[in-house]
Amino acid sequence: MNKPTPEGKSLSGEKRDRRQSQRKISESVPGIEEPDPPPDNNRSVYERLKQCEADLDEINRVKRKYPMKITQYYLDLIHQEKDPIWRQCVPDKEELEATFNVEDPLEEEEYTPVPYLVHKYPDRVLLLVSSKCAMYCRFCTRKRKVGRIRQIPMEDIFKAIEYIKEHKEVRDVIVSGGDPLIRSDSEIEAILQGLRQIPHLEIIRIGTRMPCVKPSRITPRLVKMLKRYHPLYVNIHFNHPAEITEQSKRACELLANAGIPLGSQTVLLRGVNDSPEVMKELMTRLLQIRVRPYYIYQCDLVKGVDHFRTPIENGLDIMSRLQGFTSGLMLPHLVIDGPGGKVPISPQYIKETTSEQIIVANYLGNLYKYPIARTGTARKSVNKKISKIGLAFNLKKEVAKNERYDKYAEFDDVGTIEAVSKAINVAGYDVTLLEADRDFFEKVKNSGVDFVFNMAEGIAGKSRESYVPAILETLNIPYSGSGVLAQAITLNKSRKKEILSYYGIQTPRFQTFGDLRQKLNPDLKFPLIVKPEAEGSSVGITNNSLVFDIGSLKKQVDHVIKNYSQNALVEEYCEGREFTIGLLGNNVGVRILPIVEIDFSHLPDHLHKFESYESKWIYDNPKDSIDPIICPANIKPGLKAQLERLSQRTFLKLGCVDLCRIDIRLDSNEIPNVLDVNALPGLMPDIRSNSRFTRACYAAGMTYNEMILLILNAALKRYGLLS
Ligand SMILES: *Cc1c(COP(=O)(O)O)cnc(C)c1O
Ligand code: SF4
């Protein structure tokens with residue numbers, strides 16, 4: 001059973017095997033190792049199709065490319081040519097008129113750590129245990145492979161089970177394929193037994209199309225065996241009301257009576273079920289046989305399946321004609337599956353959001369107001385352990401004549417402080433503003449706050465970002481964001497790079513200059529970039545920071561040491577694309593936000609393509625502002641996975657918590673290099689402010705208030721303070 005194949009879309013593991021051992025096999029039918037023997041009902045299939053006046057030559061032509069296999073039971077459900085049952089199982093010449101050419105549209109190979117296992121989400125994996133099915137659906141996401149490669153060896157399945165054993169974060173496995181139930185009872189039992197020996201594995205799901213295409217496979221013996229492996233769930237794949245018959249009903253009843261919760265996944269298919277009436281009838285009838293609708297999938301972008309695709313509005317229309325008009329129990333989620341996983345799409349019920357209220361439309365289109373929760377009242381029920389939260393910040397000031405132009409670049413403006421304060425307030429806490437100035441210690445000590453939300457950059461000293469954490473730790477007050485050591489390290493570019501190098505995390509080669517008389521390490525290759533060692537927000541970086549010869553290097557190093565009273569960091573320049581990646585949360589709950597790319601293409605020729613005072617000035621010019629941020633960045637999944645892994649490792653190795661932003665740039669060999677790590681990323685609410693962390697959260701679908709609450713909750717959870 002496939003479609004977004006619950007049984008799994010790409011037997012990615014096979015691809016790898018094939019590459020090693022089967023290079024000679026013709027590209028048009030990749031991976032043929034042991035074709036299925038012709039189904040023994042071939043004669044009756046042809047006879048039946050002939051009765052319906054099918055063009056057998058055409059069928060044979062298509063079949064040579066994409067195999068045909070139809071169960072006798074399913075064949076008997078056909079009433080006439082091109083009816084919804086027919087369309088699902090009989091080869092059609094449109095399959096050869098391919099517009100898409102994607103073998104693995106979900107890019108599962110990227111997420112395949114061991115053959116036949118897809119680990120795309122944090123806590124659950126897809127385990128592919130069969131490359132065969134009882135029937136080959138014409139719209140199968142894996143139609144180029146299913147039924148055309150040798151059966152998956154049991155040893156490989158056990159190797160994949162070992163992987164699950166070693167990964168304690170996996171609590172849910174989806175046993176899929178092909179169709180897992182095509183295997184013998186004893187093979188299935190061996191797999192379930194192997195899985196059940198893993199203590200951290202909580203639930204097992206089986207994805208199958210058997211009850212729908214070959215109900216006789218669901219025998220009392222099979223069911224008796226399955227029920228020994230609870231909690232076990234079965235997701236079936238039904239697409240049309242005509243598939244619900246006495247036989248499929250009986251198969252589902254057998255499973256349900258064994259205490260197995262049943263779900264159904266449905267693929268939205270043109271000419272099969274793309275009308276609200278048909279879908280509603282299908283959902284209604286599924287509930288009657290105790291199968292709960294789970295997902296409706298938009299058809300994947302697979303070669304040979306384009307003729308089944310439907311417009312998005314069609315899916316949304318179906319959903320809006322189910323919601324409210326019928327039992328909520330029969331409401332599946334409509335999803336698009338892709339390299340990033342399943343994405344739910346839904347008709348828009350929120351019509352307007354203001355700071356006071358939201359306006360929603362009900363299923364009939366009538367509008368209703370719902371006021372936003374007010375301060376105070378909700379508090380007691382929100383969190384019994386914490387009620388008063390302090391907000392530590394440094395306020396942006398006007399730069400005085402005798403001060404450096406970028407002295408307050410990192411500090412927050414009133415608007416941001418107010419927005420954060422309001423978000424915490426809306427979540428039900430009292431907020432006390434605590435400006436982190438020289439009196440901070442006394443202020444916070446006397447404030448009576450239970451917790452501090454820290455966004456203070458610190459006012460003085462080379463490790464200033466760690467002072468507020470140090471004071472709070474001294475007073476034993478829990479707080480959000482990274483601690484003393486991580487703040488001190490991430491503010492110091494040299495220390496940070498030394499630690500990254502120790503862990504083998506790629507960062508440009510560098511040298512620290514405390515003194516002009518130092519010799520340049522001959523290993524370093526021009527162009528080099530010169531930065532103050534302990535500043536953030538591109539402070540101290542101008543167009544002149546990129547140097548091409550010794551003379552200008554010396555000049556720039558001298559400038560940094562004099563004006564910023566600190567060491568100068570000199571590093572090799574990465575000339576490739578620049579990304580920044582936000583992380584939110586901790587441990588397995590850490591969220592890697594959509595990747596931001598900084599687009600330098602708008603810069604005039606005389607400016608180098610990196611973030612400098614000049615480039616920021618051009619981008620932020622209110623008169624003629626150019627948006628340099630692309631989020632989510634348009635990148636290949638391979639690079640995306642690489643950047644995500646790199647940023648997650650960096651976050652962990654530097655000991656950051658709750659939130660952080662990591663700047664990465666590709667070098668001339670397209671290798672990602674970590675340039676910088678910011679443990680106190682800016683949280684400006686305005687989308688025009690170029691606040692990257694906020695922009696990434698917005699791209700992830702969060703509101704500003706949700707973002708602040710997620711940061712707060714990540715910290716509270718870390719301290720065990722989330723009730
Ligand atoms: C669909 C799918 C899952 C399961 O997702 P749920 O939303 O939990 O049903 C897991 N892994 C992969 C690769 C999937 O495609
Ligand atoms: S061919 Fe097999 S894997 Fe593909 S959709 Fe049908 S049952 Fe599922």
Side-chain angles (χ1 to χ4, degrees), residues 1-13 36 66-71 74 88-89 91 104-113 116-149 152 164 170-183 202-214 217 233-239 243 261 263-267 269 272 292-297 299-300 302 304-305 308 332-344 637:
M1 116 142 207
N2 174 342
K3 164 10 204 155
T5 343
E7 313 79 285
K9 323 211 164 157
S10 87
L11 301 191
S12 320
D36 272 357
Y66 302 116
M68 173 178 81
K69 189 166 151 198
I70 308 174
T71 61
Y74 204 76
Q88 291 188 60
C89 61
D104 180 11
L106 309 178
E107 317 237 1
E108 289 183 327
E109 191 159 10
E110 295 285 343
Y111 299 93
T112 295
Y116 312 115
L117 182 133
V118 185
H119 194 173
K120 197 183 255 191
Y121 295 102
D123 65 342
R124 55 209 191 280
V125 295
L126 190 63
L127 175 64
L128 308 169
V129 304
S130 170
S131 60
K132 306 195 179 289
C133 305
M135 172 178 116
Y136 294 130
C137 311
R138 305 323 299 170
F139 51 84
C140 182
T141 301
R142 298 189 38 258
K143 64 183 293 156
R144 293 190 65 191
K145 286 186 162 187
V146 134
R148 315 222 62 188
I149 51 177
I152 298 175
I164 303 177
V170 177
R171 34 159 294 284
D172 177 1
V173 62
I174 294 126
V175 179
S176 179
D179 198 318
L181 298 190
I182 195 116
R183 303 206 79 124
E202 294 164 8
I203 65 165
I204 301 177
R205 301 191 238 175
I206 294 180
T208 175
R209 224 189 156 185
M210 282 295 177
C212 172
V213 299
K214 193 178 183 184
R217 173 69 186 93
Y233 290 70
V234 169
N235 257 344
I236 312 169
H237 176 175
F238 284 105
N239 287 335
E243 292 168 346
S264 169
Q265 327 213 73
T266 297
V267 190
L269 299 168
V272 174
R292 174 99 152 77
Y294 182 52
Y295 283 140
I296 295 182
Y297 292 92
C299 203
D300 285 342
V302 189
V305 174
F308 280 118
H333 296 283
L334 174 63
V335 294
I336 297 180
D337 207 351
K342 300 177 182 66
V343 180

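Atoms within a ligand are numbered from 1 in the order they appear, just like the ligands themselves. Side chains are part of it too, since the values below use all heavy atoms of this structure and drop only hydrogens, waters and symmetry mates. Starting from 1, each residue takes its place in the sequence as its number. Bear in mind that the values here come from a model prediction, so they are computed numbers and not experimental data.
Here C137 does not reach atom 4 (Fe) of ligand 2: none of its N/O/S atoms is less than 2.8 Å from the metal.
Among the atoms of Y294, some N or O lies under 3.5 angstrom from an N or O of ligand 1. For ligand 1, the polar-atom distance check against R124 finds a nitrogen or oxygen pair separated by under 3.5 Å.
A donor-acceptor contact under 3.5 angstrom links the side chains of H237 and N239, judged on distance only.
Within the structure, the closest approach of H119 to ligand 1 does not fall below 4.0 Å when heavy atoms are considered. Heavy-atom separations between M135 and ligand 2 include at least one value shorter than 4.0 Å.
Annotation: side chain of R183 is not in contact with side chain of K132 (no heavy-atom distance under 4.5 Å). Within the 4.5 Å cutoff, the side chain of M135 has heavy atoms near those of the R209 side chain.
Within the 4.0 Å heavy-atom criterion, neither part of D172 lies near ligand 1. Contact annotation for Y111 and ligand 1: no heavy atom of the residue comes within less than 4.0 Å of the ligand.
Formation of a donor-acceptor pair under 3.5 Å by the T71 side chain with backbone atoms of K214 is not found in this model. In terms of modelled atom types and a separation under 3.5 Å, the side chain of S130 and the main chain of G178 share no donor-acceptor contact.
Of all the listed residues (I174, T141, D123), I174 holds the heavy atom that lies closest to atom 4 (C) of ligand 1.
Atom CD in E243 sits 8.5 Å away from atom OG1 in T266 (nearest 0.5 Å). With values rounded to the nearest 0.5 angstrom, K342 atom NZ is found 12.0 Å from H333 atom NE2.
Contact atoms of ligand 2 toward C133: 1 (S), 2 (Fe), 3 (S), 7 (S) (distance under 4.0 Å to a heavy atom of the residue).
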